[in-house]
Structure formats: C-alpha cells, structure tokens
Amino acid sequence: MRIATWNVNSIGPRLPRVLEWLGSVQPDVLCLQELKSGTDAFPFDAVREAGYETAAYGIGRWNGVAILSRVGLEDVTRGLTGEPTFEDKTDARAIGATCGGLRLWSVYVPNGRDLENPHYDYKLAWLSALEATVREEQSRGLPFAVLGDFNIAPTDADVWDIGVFAESTHVTEPERKALAALRDLGLSDVFPRPLKYDHPFTYWDYRAGNFPNNKGMRIDLVYADSRVSGAVTDSYVDRDARKGKGPSDHAPIVVDLSL
DNA sequence: ATGACGGAGCGTCTCCGA
C-alpha cells in the first residue's frame, strides 16, 4: 500500500497538479491539508474520476483537510477530541478515516505565527488535543498513523539555518515536546529520503529563491505506530512536485507499506 | 534551469502562511 500527505496550499488552483500527481504516483491514500475551501466546494467529481473517494472537512477561506482513498473510506471523524477554538472559531484542521484496514488522520497543525501571539498558545493547546485524540483512536486496535503539516521542525537539522529561527515558532521546546508526547504514545517519525541534497525538507517559502537555494524546512511529518512503521519499505519527499509552474510551497511525502 | 511569493475575499488592500 502507498500512502501520502501533501499540503497543497489551496485545492482550487492546485487541482490540475493534484490530479496529475495522483495519476503518476498512484497513492492508495492521500492526506491533504490547507484546502482553503469549504467542504461543499471540494472538487469531489474530478477526484472521483481519478478513482478516489474523498472525505473533506473545510470551513471556508482558511485551513481545511481531506483524505482521498481508493482502498475504502469508512468511519470518518472530523475534528479533535476537546479541540480548542481560536477567537471563538473552530478551524477545520483534522480528519480521520479507516482506509484499507489502516486508521489514518490528516492534520494541519496551527502555525503559531509569533511566540507572543495568542495563536502560539492555540497551537500548543491544539497539539494537546491531538495527543488526546491519538490516545483515543489507538483504542480502535487498527494500525494507526497521523500524517500532515505539523508546523514543527523536530530538530535543528530540520531547518536550513537554525540561526534564522532564533525567535521563531516551529523550533521551540514546547512544540517539540508535543511531538515527543506523540512518540511516547508509541508513534515514530517515519523519516523520508530526499530525492536530492542531504536532508528531506518538505517546505520551501515561495520568496527569495528559497527552493532553488534549498532553504527548506522539514515540517510535514508521518507519525506511525509500530505496525505501520514496521511495514515501511520506502519513504521519500517528492520534491519534483515543488518544481515548475503553479506549485504548492510544500512537497508531498510518499510512504510505501508492505502490510 | 528547480529559478527568485501566492491565495482568498469584497478587494485596488489586508490577512495569512512559516
């Protein structure tokens, strides 16, 4: 089985590239983040013609997540257990489903913005709710993984220059402790191989030539339990999907499993 | 060339992203 995750930075303008990518890479399951569309506005028909069912969760202009599957899509759950709000609004940042016997979640962790911003506290609260949800979900007894844009660089090596991030989110100890809490639940970081250079970055800012200069970050992650991680035969960041005209600023991660 | 911000909304700018 081949599973994948991709922050597409809006499904509308990205749809042609997503369809092309599905056709060439042929994942069985694709977790999407940052749809920037409401649930009803998702292009279900075009994706169905490509052979995939979709469970989408979007609330409009920001965030939004989905799971596409050609191996079944059951028991869909939208949102986290005890999910916090921001400015009294609930975001659409997490969706879970059972696909081909696996319990999979697609998540888009809040950015945090700045260390003094209330959005940073929201990010940490959201991560606590994710931990609680993972704990609950594991009681289903199915092989389990959570995939998505975590907006956290797990180590200093996961950004191109840690000196640039001295007063920034994404690299702080509280954020990294939230990842450690997921590992304490038995999940492990499925570390992909890069197609080029020596580190598997998954995000490069559009600005200032960051992609051609490989000023990237590894913030999209696959956290899998032992049954899933033990079945991994290959994993890579498809940086080719970051090239060319009209790309997302994130590249997909592809994980092959022998279950 | 991989190649030097882009998406969305009521919008001619601001917010957001990381």
Side-chain angles (χ1 to χ4, degrees), chain A residues 5-18 20-21 24 32-43 58-66 86-87 89 91-93 107-124 126-127 148-172 174-176 178-179 194-221 236-253:
Chain A
T5 181
W6 194 3
N7 177 323
V8 290
N9 187 17
S10 187
I11 188 61
R14 213 69 61 221
L15 182 62
R17 289 189 66 127
V18 171
E20 179 186 16
W21 192 82
S24 63
L32 296 180
Q33 300 88 37
E34 220 175 341
L35 301 178
K36 293 187 177 177
S37 86
T39 300
D40 295 341
F42 188 90
I59 44 102
R61 183 178 178 185
W62 306 118
N63 51 76
V65 287
F86 184 69
E87 295 176 347
K89 292 189 287 289
D91 292 334
R93 295 183 175 274
V107 300
Y108 178 42
V109 175
N111 174 289
R113 300 181 190 173
D114 301 296
L115 299 184
E116 297 77 23
N117 194 299
H119 207 262
Y120 177 71
D121 298 322
Y122 169 61
K123 179 179 193 174
L124 297 178
W126 201 93
L127 287 162
D149 179 357
F150 282 74
N151 272 318
I152 303 169
T155 73
D156 289 355
D158 293 314
V159 296
W160 79 91
D161 179 1
I162 191 62
V164 174
F165 291 82
E167 303 296 328
S168 300
T169 60
H170 293 65
V171 299
T172 68
E175 291 167 284
R176 289 174 172 172
L179 290 179
L195 293 185
K196 190 178 179 183
Y197 302 119
D198 60 352
H199 202 79
F201 295 141
T202 64
Y203 164 84
W204 302 260
D205 196 298
Y206 287 121
R207 289 166 284 191
N210 275 16
F211 179 61
N213 293 318
N214 200 34
K215 292 181 175 179
M217 304 170 73
R218 188 173 79 96
I219 53 175
D220 300 87
L221 306 172
Y236 67 95
V237 178
D238 187 5
R239 74 187 301 283
D240 290 341
R242 180 65 177 77
K243 300 177 182 176
K245 183 177 172 58
S248 169
D249 43 5
H250 294 251
I253 301 170

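Heavy atoms only: backbone and side chains are in, while hydrogens, waters and symmetry mates are out. Throughout, a chain's letter reflects where its sequence line sits, starting with A, and its residues are numbered from 1.
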Provide the distance between the two [atom1] atoms, one in [N] and one in [M], to the nearest whole Å.
{"N": "dA4(B)", "M": "dA8(B)", "atom1": "C1'", "value": "23 Å"}
{"N": "dA1(B)", "M": "dT12(B)", "atom1": "C1'", "value": "35 Å"}
{"N": "dG11(B)", "M": "dG6(B)", "atom1": "C1'", "value": "15 Å"}
{"N": "dC10(B)", "M": "dC15(B)", "atom1": "P", "value": "15 Å"}

Please tabulate, one pair per line, all N/O donor-acceptor pairs under 3.5 Å involving side-chain atoms of residues 156-167 of chain A, not counting sequence neighbours.
unit_1	atom_1	unit_2	atom_2	d
Asp156(A)	OD1	Arg176(A)	NH1	2.9
Asp156(A)	OD1	Arg176(A)	NH2	3.0
Asp158(A)	OD1	His199(A)	NE2	2.7
Asp158(A)	OD1	Arg218(A)	NE	2.9
Asp158(A)	OD2	Thr155(A)	N	2.9
Asp158(A)	OD2	Thr155(A)	OG1	3.0
Asp161(A)	OD1	Gly163(A)	N	2.9

Could you check whether [X] gets within reach of a base, just the sugar-phosphate, or nothing at all, counting any heavy atom under 4.0 Å?
{"X": "Asn111(A)", "value": "base"}
{"X": "Asp149(A)", "value": "sugar-phosphate"}
{"X": "Phe165(A)", "value": "nothing"}
{"X": "Gly60(A)", "value": "nothing"}
{"X": "Ser10(A)", "value": "sugar-phosphate"}

Should [X] be listed as having a side-chain N or O under 4.0 Å from OP1 or OP2 of [N]?
{"X": "Asn9(A)", "N": "dG6(B)", "answer": "no"}
{"X": "Arg61(A)", "N": "dC15(B)", "answer": "no"}
{"X": "Arg113(A)", "N": "dG17(B)", "answer": "yes"}
{"X": "Tyr108(A)", "N": "dA18(B)", "answer": "yes"}
{"X": "Arg14(A)", "N": "dG7(B)", "answer": "yes"}

Close side-chain approach of Gln33(A) to Val107(A), heavy-atom, < 4.5 Å
no

Select one nucleotide: of [options], the one nearest the side-chain heavy atoms of [X].
{"X": "Pro13(A)", "options": "dA18(B), dA8(B), dC15(B)", "answer": "dA8(B)"}
{"X": "His170(A)", "options": "dA18(B), dG17(B), dC15(B)", "answer": "dA18(B)"}
{"X": "Asn7(A)", "options": "dG7(B), dG17(B), dA18(B)", "answer": "dA18(B)"}
{"X": "His119(A)", "options": "dA8(B), dG17(B), dA18(B)", "answer": "dG17(B)"}
{"X": "Pro212(A)", "options": "dG3(B), dC16(B), dT14(B)", "answer": "dG3(B)"}

Any side-chain donor near an acceptor of the partner, Lys36(A) and Asn9(A), under 3.5 Å: yes

Pairing donors with acceptors under 3.5 angstrom, does anything connect the side chains of Trp126(A) and Asp91(A)? no

Listing for DNA chain B: consecutive Watson-Crick or G-U pair runs of at least 3, distance cutoff 3.5 Å, ranges ordered by first number, gives B:5-9 with B:13-17

Note: for Asp114(A) and Tyr197(A) on DNA chain B, the residue whose nearest nucleotide lies more 5' is Tyr197(A)

